[in-house]
K.L.:
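Right, I'll just put the structure down here and ask away after.
Predicted model only: the values in this text are computed from it and were never measured.
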Amino acid sequence: MAIIGEYDIIVVGAGHAGCEAAWAASQMGFETLLLTIHLETIAQMSCNPAVGGLAKGHLVREIDALGGLMGRLTDETGIQFRLLNRSRGPAVQAPRAQCDKAKYRLTMKHWLEGVPRLTLFQAIVIDLLVANGQVRGVRTLDGSEFISRAVILTPGTFLNGLIHIGLQSYPAGRANEPPSIELSQCLRRLGLKIIRLKTGTPMRLDRQSIDWSYFTPQPGDDEPVPFSFWTQKKLENKILCYLGYTNEKTHEIIRRNLDKSPLYSGKIKGIGPRYCPSIEDKVVKFPHHNRHQFFLEPEGLDTTEIYVNGLSSSLPLEVQREILKSIPGLDQAKILRPAYGIEYDAVLPTQLKPNLELIEIENLFLAGQINGTSGYEEAAAQGLIAGINAALKLKGKPPFILRRDQAYIGVLIDDLITRGVEEPYRLFTSRAEYRLNLRIDNADERLTPYGYQFGLIKEEQFQKYLKKREKLKKIMIFLEREKISFSAGGSFTLKNYLKMPQVSLSDVIKYAPILEELTAEEKRFIEAEIKYEGYLKKQQREIEELNQVNEIKIPEDFNFQEVPGLTREAVEKLGKFKPRTLGEAKKIPGITPATIINLYVYFKKIKQAKTKKPSEPKVSRET
């Protein structure tokens with residue numbers, strides 16, 4: 001075998017996870033190699049050319065606050081922008097953007113090509129070089145070997161990928177792209193537990209063959225909200241999306257052809273995403289609904305392709321055509337790319353450490369759909385964290401692990417490694433216990449100092465962040481001190497006035513024109529911090545109490561058999577991983593809350609025994 005090159009870190013796969021991982025590793029000073037099957041499909045938006053949405057938009061803001069690429073790239077290539085849930089509380093407001101699919105891919109490629117210490121190379125990885133429980137590099141299809149100190153695997157849906165259109169199937173990682181069968185076999189040889197998952201994508205239609213008069217326009221926001229804290233330019237909406245519905249005739253066609261669906265014929269073995277079902281799944285599982293909505297979304301400015309969001313399917317092409325004929329406005333529509341389902345292998349994520357490194361193989365990190373997630377945003381977040389942690393590991397520094405109260409990224413990774421997955425995992429705001437703390441407007445406050453510490457946030461950006469922070473601090477002090485008087489209601493500080501239920505920041509501006517100098521983003525931050533101050537303080541107390549428990553130290557080489565009530569399995573796992581704190585013990589796959597409670601009670605008793613004053617000796621008086 002020929003050794004072609006030696007690098008510090010190799011990233012396998014150039015999807016959303018791989019791009020963020022390679023960016024982070026190279027920015028942190030390491031010679032990084034990014035390997036991909038096709039250089040033309042770097043950052044390919046395999047499904048919907050959209051970024052963000054509920055919880056997903058939060059992730060992109062956090063990626064951006066840490067110094068990642070997705071937020072800036074979305075602002076650069078977005079063609080329609082919306083802030084979801086404007087009428088609801090700030091915790092569940094989130095940005096979403098429709099992107100130009102081709103421009104997104106080409107812009108990411110252009111950016112990565114200019115990154116120092118980052119090499120892009122087209123190759124198919126078929127094997128991992130592992131010796132003495134540690135990864136040493138990769139081997140490609142032509143027999144070449146690339147040596148490295150760490151490897152980050154981000155293969156997306158390519159591991160043993162199998163595409164289904166009706167009862168016809170063919171191996172592929174994505175339409176017309178080869179699967180990675182040998183790499184999947186390699187992971188099995190290494191003893192990893194593999195699960196089989198399924199996802200799908202809808203048909204793409206020719207814009208010119210659609211009668212748009214039958215559908216309801218869905219415009220973007222008048223004042224688009226950027227994804228990136230660093231975006232300076234004014235964003236523009238350049239397209240309209242449209243809303244449509246299926247009907248009873250559509251549903252009858254689907255029911256009549258279920259025997260041709262690989263999903264219902266038993267051909268597909270993988271488990272699909274519960275929260276993004278195919279149209280045949282919707283019809284079967286929700287028979288009481290006489291219609292289901294879908295959206296017609298342009299894939300870019302220089303293409304006629306329209307993405308039919310909500311009509312994912314693995315039915316045969318002829319049935320897909322029949323479905324379209326049943327929907328007024330789509331009855332003459334031409335399919336440019338058929339819908340299909342895809343099965344692929346993933347690694348059970350409970351085999352990972354909190355830093356996304358495999359427990360059994362040192363310096364081998366996994367990120368993206370290989371860990372059982374769905375979505376570009378979940379993949380990109382994992383890729384960024386894997387890249388940071390691979391670099392920290394090589395520097396001999398502690399891992400970067402975000403807590404659940406610090407970021408949605410922390411919720412995502414903690415869910416994966418402690419609970420595992422039975423279906424493709426999707427993040428929701430409801431998964432976060434402290435979502436009022438994890439808003440889009442304070443992501444920089446929570447995470448930008450970390451990005452600066454790692455070298456992902458540049459000095460100029462950090463100074464901009466500090467200036468904004470100081471500005472907001474002064475405004476908060478001003479609102480606490482400045483008073484207004486009402487003839488009927490007495491005197492209030494502007495802060496207390498804003499706390500009133502029917503009062504908004506726009507009402508306060510009338511008495512304090514200085515607030516007009518704030519950006520829309522800063523206004524949202526000020527209003528949320530003041531209106532929810534009581535709840536935020538209560539949550540902060542809960543977080544501090546929880547963290548005190550998490551930080552309880554476990555003595556080195558502690559014998560867990562001493563703790564009453566622990567199961568044999570718990571003792572074995574704790575002995576194997578040797579956690580230093582209760583917080584670390586919580587992260588061990590398979591360790592239950594009952595085990596943590598037993599440990600907490602035991603160490604609390606030990607602490608009390610050490611701090612308890614010795615009792616005074618009894619003195620008996622002789623008479």
K.L.:
Judged by atom type as modelled, is there a donor-acceptor pair below 3.5 Å linking the side chain of Asp444 to the main-chain atoms of Ala65?
P.N.:
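Side chain of Asp444 to backbone of Ala65, a donor-acceptor pair under 3.5 Å: no, none is there.
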K.L.:
Taking C-beta and beyond as the side chain, do Phe525 and Leu518 meet within less than 4.5 Å on heavy atoms?
P.N.:
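The answer is no; the side chains never approach within 4.5 Å.
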K.L.:
Between Asn371 (side chain) and Leu366 (backbone), is there a donor-acceptor pair under 3.5 Å?
P.N.:
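Such a contact is found between Asn371 side chain and Leu366 backbone.
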K.L.:
Could you check if a side-chain atom of Ser148 sits within less than 4.5 angstrom of a side-chain atom of Phe30, using non-hydrogen atoms only?
P.N.:
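Sidechains of Phe30 and Ser148: no contact.
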K.L.:
Using the rule given for side-chain contact (heavy atoms from CB on, under 4.5 Å), can you reason through Glu357 versus Asn389, listing the C-alpha separation, both sets of side-chain angles and the distance that settles it, and then say yes or no?
P.N.:
CA-CA 8 Å; Glu357 181 185 16; Asn389 276 313; over 6 Å; no
K.L.:
Check whether any side-chain heavy atom of Tyr602 sits under 4.5 Å from a side-chain heavy atom of Asn598, and report yes or no.
P.N.:
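No, every pair of side-chain atoms sits at 4.5 Å or beyond.
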K.L.:
Taking the side chain as every heavy atom from C-beta outward, state whether Val11 and Thr154 have any atom pair closer than 4.5 Å.
P.N.:
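With C-beta onward as the side chain, the pair touches.
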K.L.:
Given side-chain contact (heavy atoms from CB on, under 4.5 Å), test Leu356 with Ile152 step by step and report yes or no.
P.N.:
CA-CA 9 Å; Leu356 296 182; Ile152 304 172; over 6 Å; no
K.L.:
Taking atom NZ as the centre, does Lys458 end up with more than 12 heavy-atom neighbours from other residues, nucleotides or ligands that are less than 6.0 angstrom away?
P.N.:
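More than 12 heavy atoms, drawn from other residues, nucleotides or ligands, come within 6.0 Å of this atom.
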K.L.:
Work out which heavy atom in Tyr344 is nearest to a heavy atom in Thr157; give both atom names and the distance.
P.N.:
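Closest pair (atom of Tyr344, atom of Thr157, distance): CB-O, 3.3 Å.
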K.L.:
Apply salt bridge (Lys or Arg N to Asp or Glu O under 4.0 Å) to residues Arg541 and Glu544 and explain how you reach the verdict.
P.N.:
CA-CA 5 Å; Arg541 287 194 297 270; Glu544 286 168 3; over 6 Å; no
K.L.:
Yes or no on side-chain contact (heavy atoms from CB on, under 4.5 Å) for Thr199 and Leu197, after CA distance, side-chain angles and deciding distance?
P.N.:
CA-CA 7 Å; Thr199 189; Leu197 298 177; over 6 Å; no
K.L.:
Trp23 side chain to Gly67 main-chain N or O, any donor-acceptor pair under 3.5 Å?
P.N.:
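Between the backbone of Gly67 and the side chain of Trp23 there is a qualifying donor-acceptor contact (under 3.5 Å).
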K.L.:
Check step by step if side-chain contact (heavy atoms from CB on, under 4.5 Å) holds for Lys353 and Ile401.
P.N.:
CA-CA 10 Å; Lys353 299 176 185 176; Ile401 299 166; over 6 Å; no
K.L.:
How far does CD of Gln453 sit from CZ of Phe462, to the nearest 0.5 angstrom?
P.N.:
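Rounded to the nearest 0.5 Å, the CD-CZ separation comes out at 10.0 Å.
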K.L.:
Should the pair Glu360-Lys576 be classified as a salt bridge under the 4.0 Å nitrogen-to-oxygen rule?
P.N.:
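Salt bridge present between Glu360 and Lys576.
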K.L.:
Has His110 got a side-chain atom pairing as donor or acceptor with Arg105's backbone, closer than 3.5 angstrom?
P.N.:
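Looks like no, no N/O pair under 3.5 Å.
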K.L.:
Counting N and O atoms only, with roles assigned by atom type, does the side chain of Arg72 sit under 3.5 Å from a partner on the main chain of Gly68, one being a donor and the other an acceptor?
P.N.:
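Confirmed, Arg72 side chain pairs with Gly68 backbone.
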K.L.:
If you round to the nearest 0.5 Å, how far is CG of Asp64 from CD of Gln461?
P.N.:
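Between atom CD of Gln461 and atom CG of Asp64 there are 8.0 Å.
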K.L.:
Do you know the tightest heavy-atom contact between Lys101 and Met45?
P.N.:
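Lys101 and Met45 have their closest heavy atoms at CE-O, 2.9 Å.
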K.L.:
How about Glu562: does its CD atom have over 12 heavy atoms from other parts shown lying under 6.0 Å from it?
P.N.:
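Enclosed: over 12 neighbouring heavy atoms sit under 6.0 Å from CD of Glu562.
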K.L.:
Apply the test salt bridge (Lys or Arg N to Asp or Glu O under 4.0 Å) to residues Lys471 and Glu522: give CA-CA distance (whole Å), side-chain angles for both, the deciding distance (0.1 Å), then the verdict.
P.N.:
CA-CA 10 Å; Lys471 173 185 174 183; Glu522 290 165 347; 2.9 Å; yes
K.L.:
Hey, is CZ on Arg149 packed in by over 12 heavy atoms from elsewhere, all under 6.0 Å?
P.N.:
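Check passes, neighbour count above 12.
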K.L.:
Just wondering, are more than 12 heavy atoms of other shown residues or ligands nearer than 6.0 Å to NZ in Lys605?
P.N.:
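No, because the 6.0 Å sphere around NZ of Lys605 holds 12 heavy atoms or fewer from other groups.
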K.L.:
Is Leu120 close to Ile42 at the side-chain level, that is, under 4.5 Å between some pair of heavy atoms?
P.N.:
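They are in contact (side-chain heavy atoms under 4.5 Å apart), so the answer is yes.
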K.L.:
Please check if the number of heavy atoms outside Lys395 that lie under 6.0 Å from its NZ is greater than 12.
P.N.:
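Above 12, so yes.
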K.L.:
Give the ring-plane orientation class for Tyr532 versus Tyr535, where under 30° counts as parallel, over 60° as perpendicular and anything between as tilted.
P.N.:
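Answer is tilted, since the angle falls between 30° and 60°.
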K.L.:
Using the rule salt bridge (Lys or Arg N to Asp or Glu O under 4.0 Å), only one of Arg61, Arg96, Arg426, Lys56 pairs with Glu377; which is it?
P.N.:
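Of the listed residues Arg61, Arg96, Arg426, Lys56, the salt bridge (Lys or Arg N to Asp or Glu O under 4.0 Å) partner of Glu377 is Lys56.
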K.L.:
Answer yes or no: is there a side-chain heavy-atom contact under 4.5 Å between Ile194 and Val347?
P.N.:
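Sidechains of Val347 and Ile194: in contact.
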K.L.:
Please report the shortest heavy-atom distance between Ile385 and Phe400, naming the atom on each side.
P.N.:
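Minimum heavy-atom contact is CD1-CE2, 3.8 Å.
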K.L.:
Does the Thr493 side chain pair with the main chain of Arg481, one donor and one acceptor, at a distance under 3.5 Å?
P.N.:
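Here the side-chain-to-backbone pair does not exist.
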K.L.:
Walk me through it: do Gln463 and Glu459 pass the test side chain to side chain donor-acceptor pair (under 3.5 Å)?
P.N.:
CA-CA 6 Å; Gln463 290 305 318; Glu459 185 64 39; 2.7 Å; yes
K.L.:
So does Glu422 have more than 12 non-hydrogen atoms from other groups sitting under 6.0 Å from CD?
P.N.:
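Not more than 12 within 6.0 Å, no.
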K.L.:
Would a line drawn from the ring center of Tyr376 to the ring center of Tyr104 be shorter than 6.0 Å?
P.N.:
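No, ring centres 6.0 Å or more apart.
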K.L.:
Distance check, rounded to the nearest 0.5 Å: Thr519 atom OG1 versus Lys468 atom NZ?
P.N.:
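Rounded to the nearest 0.5 Å, the OG1-NZ separation comes out at 6.5 Å.
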K.L.:
Are Phe428 and Leu54 packed together at the side-chain level, in the sense that at least one heavy-atom pair is separated by less than 4.5 angstrom?
P.N.:
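Sidechains of Leu54 and Phe428: no contact.
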K.L.:
If we ignore hydrogens and angles and just use 3.5 Å, is the side chain of Gln93 paired with the main-chain N or O of Leu83 as donor and acceptor?
P.N.:
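It does not hold such a pair.
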K.L.:
Give a yes or no on whether a salt bridge exists between Lys467 and Glu470, defined as a side-chain N under 4.0 angstrom from a carboxylate O.
P.N.:
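Result for this pair is no, no salt bridge flagged.
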K.L.:
How about NZ on Lys604, more than 12 heavy atoms from neighbouring residues, nucleotides or ligands closer than 6.0 Å, or not?
P.N.:
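Incorrect, the count does not exceed 12.
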K.L.:
State whether Tyr425 and Arg419 meet the cation-pi test: NZ (Lys) or CZ (Arg) under 6.0 Å from the six-membered ring centroid, and within 45° of the perpendicular axis.
P.N.:
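No; the conditions do not both hold, so Arg419 does not lie above the ring face of Tyr425.
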K.L.:
Using salt bridge (Lys or Arg N to Asp or Glu O under 4.0 Å) as the criterion, point out the one residue from Glu482, Glu529, Glu533 that pairs with Lys495.
P.N.:
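Only one of Glu482, Glu529, Glu533 forms a salt bridge (Lys or Arg N to Asp or Glu O under 4.0 Å) with Lys495, namely Glu533.
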K.L.:
Do you know which two heavy atoms are closest between Glu223 and Arg86, and how far apart they sit?
P.N.:
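The answer is O-NH2, 3.6 Å.
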K.L.:
Got Leu574 and Leu599 here, is their nearest side-chain heavy-atom distance under 4.5 Å?
P.N.:
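Yes; the side chains approach each other to less than 4.5 Å.
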K.L.:
Heavy atoms only: give me the nearest Ser228-Asp75 pair and the separation to one decimal.
P.N.:
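Minimum heavy-atom separation between Ser228 and Asp75: N-OD2, 2.9 Å.
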K.L.:
Between the side chain of Lys523 and the main-chain N/O of Ser506, is any donor-acceptor distance below 3.5 Å?
P.N.:
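Here the side-chain-to-backbone pair does not exist.
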K.L.:
What closest approach, in Å, do Tyr408 and Leu438 show between heavy atoms, and which atom pair accounts for it?
P.N.:
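Answer, listing the atom of Tyr408 first, then Leu438: CE1-O, 3.2 Å.
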K.L.:
To the nearest 0.5 Å, what is the distance between SG on Cys99 and CG on Leu73?
P.N.:
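Those atoms lie 7.0 Å apart.
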K.L.:
Thinking salt bridges, do Arg404 and Asp415 make one under a 4.0 Å N-O criterion?
P.N.:
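Yes.
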K.L.:
Measure the spacing between CG of Leu187 and CG of Leu128 and express it to the nearest 0.5 Å.
P.N.:
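Reported to 0.5 Å precision, the distance equals 6.0 Å.
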K.L.:
Does a donor on one side chain sit under 3.5 Å from an acceptor on the other, for Tyr450 and Gln406?
P.N.:
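A donor-acceptor contact under 3.5 Å links the two side chains.
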K.L.:
Whether the side chain of Thr448 engages the backbone of Glu445 through a donor-acceptor N/O pair (distance < 3.5 Å, no angle test) should be reported.
P.N.:
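Such a contact is absent between Thr448 side chain and Glu445 backbone.
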K.L.:
Go through the steps to decide whether Glu569 and Lys573 satisfy the test salt bridge (Lys or Arg N to Asp or Glu O under 4.0 Å), and finish with yes or no.
P.N.:
CA-CA 6 Å; Glu569 182 187 9; Lys573 287 189 173 182; 3.3 Å; yes
K.L.:
Hey, is the main chain of Gly575 close enough, under 3.5 Å, to the side chain of Lys578 for a donor-acceptor pair?
P.N.:
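Yes, the answer is positive, given that a donor and an acceptor are paired below the 3.5 Å cut-off.
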K.L.:
What distance separates Phe158 CZ from Ile370 CD1, expressed to the nearest 0.5 Å?
P.N.:
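Interatomic distance, Phe158 CZ to Ile370 CD1, rounded to 0.5 Å: 13.0 Å.
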